[in-house]
Amino acid sequence: MLQIKKSNRSSRLQMRKQESRTAYLCLLPAIIGLVFITYLPLLSAFILGFFKWGKGAIVPVFIGLDNYKRLFTSDPYFLDSIRVTVYFSILAVIGCLIFSLFIAILLNRKVPARGFFRAVFYLPYILPSIAVYIGWSWLYESNFGLFNYILTLLGVSKIQFLADSKYVIPSLALIAVWLSGNLIVIFLAGLQNVPRVYYEASEIDGANGFQRFLHVTLPSMTPIIFYNLLMSLIINMQIVVPALALTNGGPGTSSTFITYLMYRYAFISNQLGYACSISFIFFIIIAVFTLILFATSKSWIYYEGDE
Amino acid sequence: MAVKSRGSHGRQEWRMNSSAFVILVILTAVVMLPIWWMFRSSLMTNTELYAFPPAFFPKNWLFKNYVKTLEYFPFWKYLRNTVMIIFPSLLGGTVTATMAGYAFARLRFRGKDFLFSLCVGSMLLPLMVTLVPLYTMWTRGFHLVDSYLPLIIPHFCGGGAFNIFLIRQFIRSIPRELDEAATIDGASYFRILVSIIMPAIKSAMIVVSLLLFIFLWNDLLHQMIYINSQDKFTIAVGLSQFKGSLGSDWSMIMSATCISFVPGILFYLVGQRYFVEGIVMTGLKN
């Protein structure tokens with residue numbers, strides 16, 4: 001009797017061991033990735049920010065806070081690049097969220113050809129982004145482009161969309177909105193998860209379509225809105241392709257995003273340590289935005305089961 | 001008070017659905033207009049392109065523009081190069097994300113919560129921050145200059161936190177009894193993953209590979225910094241250089257642009273069936 005129990009336990013122990021061994025084996029690639037592709041490079045970016053490295057210093061030379069001092073006191077581009085990045089992200093995020101939620105709500109109704117519409121709004125997202133920006137730069141062309149043609153039809157004078165520092169950021173934000181197909185899919189998924197019973201209950205209470213949206217759809221969508229808000233903020237703050245391929249950060253510094261500035265310092269003027277100090281400040285800015293979002297989220301996110 | 005008869009309710013519902021349909025048709029036209037404009041520009045002569053007012057349709061549909069473009073824009077070579085990066089990355093990313101998702105969804109081991117939060121936390125981490133350290137690691141540490149490996153190897157390392165999370169959610173929706181029965185029959189955990197879990201989450205794996213595809217397909221920056229020689233250019237890098245070298249030959253630039261749209265559209269058409277379903281299943285709510 002005792003014998004059997006003992007062997008039972010040891011075989012269970014054996015299985016436990018096998019289980020965790022399999023788990024670590026399965027996670028090995030991901031752990032290597034987290035260590036060597038994610039967290040160690042993050043740490044190195046932080047450390048290298050205190051070094052002069054690259055131009056004028058083949059081996060990193062410790063210079064304390066000099067990089068940071070230079071960023072905030074004598075760099076002609078850095079503060080502008082923060083302003084540009086924040087301005088762009090706010091425009092793009094608000095535009096993307098409103099547009100994609102609106103489309104998702106329409107697509108969630110029983111309309112014919114839903115699959116077709118879904119594909120249409122998703123389409124821009126699957127095109128190579130460089131091709132998209134090149135294509136749009138032709139649409140924005142100041143004399144023969146589509147948008148200026150539409151403006152002249154409306155009797156408005158032509159605009160230098162990408163060559164005027166007033167308009168370059170809103171113009172790029174409009175492209176970001178056009179590209180927000182993945183947000184639509186996620187919103188659509190969320191809408192399909194809203195429990196039917198809530199709608200039925202509100203119908204019995206006599207709520208009309210708009211009231212139902214306000215009191216049923218919107219509250220149960222808040223977690224998804226939060227997710228999309230966070231992700232599209234993180235993605236839009238990292239935008240670099242349009243500056244890289246179209247505007248070169250111009251005119252002036254009006255489209256010099258932080259990421260583009262970092263790229264320029266690291267890969268064009270070979271100031272690697274300095275670029276790292278920028279990337280670390282950039283990390284802090286995103287972390288602050290994320291923390292603010294998380295802190296405020298408690299007051300407007302509704303979780304099922306909460307009273 | 002406002003109790004309505006079934007009939008008027010149905011009518012209201014019908015009215016709202018049809019206005020939704022009309023708005024969708026209008027918005028479709030607006031969203032497709034830029035693509036149409038690029039396509040129609042690719043079929044015009046440059047004289048036609050620089051005429052004002054511009055025409056919505058080309059006078060003659062010059063499909064031979066594409067033949068000319070393909071002479072100058074080595075699309076097939078760039079496509080082959082892109083596939084050489086994308087194919088192994090997709091494979092590595094999907095397989096390693098599935099393995100990690102399985103461990104997080106089903107297996108018990110020490111440090112699980114900690115590892116999982118490290119993983120989810122990395123979703124919030126901006127890729128750009130690690131760009132310079134990674135670049136120096138690959139080029140100066142491993143001397144991988146002008147090589148595809150720095151673009152491929154990272155995808156063999158878990159395939160991205162979001163994808164791991166997506167696979168995990170999918171696996172959690174599969175009844176546990178299935179793999180418990182297999183355990184009693186003496187199957188190893190690895191065997192369960194391969195012969196029970198993986199067939200059941202085929203659609204999630206397709207979603208993951210579609211997401212990886214879009215990421216790689218779009219990723220100009222990394223391709224630009226790691227690849228130097230023209231022979232190794234991807235479509236994205238090739239296109240950005242092509243545009244710079246042509247200046248204002250917009251009909252040629254637009255035909256190259258339109259050609260580069262095709263592979264992504266084809267890939268999406270194959271995978272789209274699984275797509276919304278896949279995202280719905282993740283239940284992003286929690």
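In this text, all values refer to a predicted model and were calculated from it rather than measured experimentally. Chain A is the first sequence line, chain B the second, and so forth, proteins listed ahead of strands; every chain is numbered from 1.
Only the side chain of A/Thr152 comes within contact range of chain B, with at least one heavy atom under 4.5 Å from a heavy atom of that chain. If you measure heavy-atom distances from B/Ile153 to chain A, you find no contacts under 4.5 Å at all. Contact of A/Met231 with chain B is made through the side chain alone, with heavy-atom distances under 4.5 Å. In this structure, the portion of B/Arg106 lying under 4.5 Å from any heavy atom of chain A is its backbone and not its side chain. Residue A/Leu230 touches chain B through its side chain alone, counting heavy-atom pairs closer than 4.5 Å. For chain A, no part of B/Leu269 is nearby; none of its heavy atoms comes within less than 4.5 Å. The contact between A/Phe117 and chain B is made entirely by side chain atoms (from C-beta outward), counting heavy-atom distances below 4.5 Å. Only the side chain of A/Tyr263 comes within contact range of chain B, with heavy atoms under 4.5 Å apart. For a residue to count as touching a neighbouring chain, one of its non-hydrogen atoms must lie under 4.5 Å from one of that chain's; by this rule A/Leu42 touches chain B with backbone and side chain alike. The part of B/Phe104 that comes within reach of chain A is its side chain, from C-beta onward, which places non-hydrogen atoms under 4.5 angstrom from that chain. With a 4.5 Å cut-off on non-hydrogen atoms, B/Met123 touches chain A through its backbone and its side chain both. A/Pro112 touches chain B through backbone and side chain together, each having a heavy atom under 4.5 Å away. In this structure, no portion of A/Tyr140 lies under 4.5 Å from any heavy atom of chain B. For a residue to count as touching a neighbouring chain, one of its non-hydrogen atoms must lie under 4.5 Å from one of that chain's; by this rule A/Asp205 does not touch chain B. For a residue to count as touching a neighbouring chain, one of its non-hydrogen atoms must lie under 4.5 Å from one of that chain's; by this rule A/Phe187 does not touch chain B. Contact of B/Trp36 with chain A is not made at all, since no heavy-atom distance falls under 4.5 Å. When heavy atoms are compared at a cutoff of 4.5 Å, A/Ala287 does not approach chain B at all. Using a 4.5 Å cut-off between heavy atoms, A/Tyr133 does not touch chain B at all. When heavy atoms are compared at a cutoff of 4.5 Å, B/Phe213 does not approach chain A at all. Both the backbone and the side chain of B/Leu118 have a heavy atom closer than 4.5 Å to some heavy atom of chain A. With a 4.5 angstrom heavy-atom cutoff, A/Trp178 touches chain B only via side-chain atoms. Of the two parts of A/Ala45, the backbone and the side chain both hold a non-hydrogen atom closer than 4.5 Å to a non-hydrogen atom of chain B. For B/Ala51, the part lying near chain A is the backbone, with the side chain staying farther off; criterion is any non-hydrogen pair under 4.5 Å. Neither the backbone nor the side chain of B/Cys258 has a heavy atom closer than 4.5 Å to any heavy atom of chain A.
For the pair B/Met99 and A/Leu25, the tightest heavy-atom approach, listed with the atom from each and the gap, is CE-O, 3.9 Å. For A/Tyr39 against B/Gly121, the heavy-atom pair with the smallest separation is OH-C, 3.8 Å. When all heavy atoms are compared, the tightest approach of B/Ile265 to A/Ile126 is CA-CD1, 3.9 Å. A/Val120 and B/Val31 make their closest contact through O-CG1, 4.2 Å (heavy atoms, listed as atom of the first residue, atom of the second, distance). In terms of heavy atoms, B/Thr257 sits closest to A/Ala131 at CG2-O, 3.4 Å. Residue A/Gly135 comes nearest to B/Met254 through the heavy atom pair CA-CE, 3.8 Å, listed as atom of the first residue, atom of the second, then distance.
Aromatic ring pairs are classed by plane angle as parallel below 30°, tilted from 30° to 60° and perpendicular above 60°; the pair B/Trp37 and A/Tyr149 is parallel.
Distance check, rounded to the nearest 0.5 Å: CZ of B/Phe156 to CD1 of A/Ile37 gives 12.5 Å. To the nearest 0.5 Å, atoms CG (A/Leu272) and CZ (B/Arg140) are separated by 5.0 Å. Rounded to the nearest 0.5 Å, atoms CG (B/Leu115) and CG (A/Leu34) are 7.5 Å apart. Between atom OG1 of residue B/Thr136 and atom CG of residue A/Leu48 there is a gap of 6.5 Å, rounded to the nearest 0.5 Å. The CD1 atom of A/Ile134 sits 6.5 Å away from atom NZ of B/Lys243, with the distance rounded to the nearest 0.5 Å. Between the CG atom of B/Leu134 and the CG atom of A/Leu40 there is a distance of 10.0 Å, given to the nearest 0.5 Å.
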May I have the step-by-step check of side-chain contact (heavy atoms from CB on, under 4.5 Å) for A/Ile286 and B/Val129, ending in yes or no?
CA-CA 10 Å; A/Ile286 291 195; B/Val129 174; over 6 Å; no
Take A/Gln18 and B/Tyr189 through the test side-chain contact (heavy atoms from CB on, under 4.5 Å) and record every step on the way to the result.
CA-CA 8 Å; A/Gln18 198 206 343; B/Tyr189 292 101; 4.1 Å; yes
Could you walk me through whether A/Cys26 and B/Phe190 pass the side-chain contact (heavy atoms from CB on, under 4.5 Å) test, one step at a time?
CA-CA 9 Å; A/Cys26 282; B/Phe190 214 74; 4.2 Å; yes
Derivation of the side-chain contact (heavy atoms from CB on, under 4.5 Å) call for B/Phe261 and A/Leu123:
CA-CA 10 Å; B/Phe261 287 171; A/Leu123 178 67; over 6 Å; no
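Of the listed residues (A/Phe226, A/Phe46, A/Trp138, A/Phe147), the one with the most heavy-atom contacts under 4.5 Å to chain B is A/Trp138. Among the candidates B/Thr183, B/Ile164, B/Thr98, B/Leu127, the residue making the largest number of heavy-atom pairs closer than 4.5 Å to chain A is B/Leu127. Ranked by non-hydrogen atom pairs under 4.5 Å with chain B, the options A/Ala23, A/Ser129, A/Pro29 are led by A/Pro29. Among B/Leu49, B/Leu131, B/Ile253, the residue with the largest count of heavy-atom pairs under 4.5 Å with chain A is B/Leu49. Ranked by heavy-atom pairs under 4.5 Å with chain B, the list A/Tyr24, A/Tyr125, A/Phe144 is led by A/Phe144. Taking A/Phe282, A/Tyr122, A/Phe283, A/Phe116 one by one and counting their heavy-atom pairs under 4.5 Å with chain B, the maximum is reached by A/Tyr122. Ranking A/Pro128, A/Pro41, A/Gly115, A/Pro124 against chain B, the residue ahead of the rest is A/Pro128, based on heavy-atom pairs under 4.5 Å. Of the listed residues A/Phe36, A/Trp136, A/Phe280, A/Phe102, the one with more heavy-atom pairs under 4.5 angstrom with chain B than any other is A/Trp136.
By the 6.0 Å contact criterion, CZ on A/Arg114 is enclosed, its count of non-hydrogen atoms from other residues, nucleotides or ligands being greater than 12. The number of heavy atoms from other shown groups lying within 6.0 Å of NZ (A/Lys158) is above 12.
Although no hydrogens or angles enter the test, the distance criterion places no donor-acceptor pair under 3.5 Å between the side chain of B/Thr130 and the main chain of A/Thr38. Looking only at distances, no side-chain donor or acceptor of B/Trp217 sits under 3.5 Å from a matching main-chain atom of A/Leu127.
The residue from A/Ile175, A/Leu139, A/Leu146 that alone fulfils the side-chain contact (heavy atoms from CB on, under 4.5 Å) condition with B/Pro34 is A/Leu139.
With a 4.5 Å cut-off on side-chain heavy atoms, B/Leu24 and A/Phe121 count as touching.
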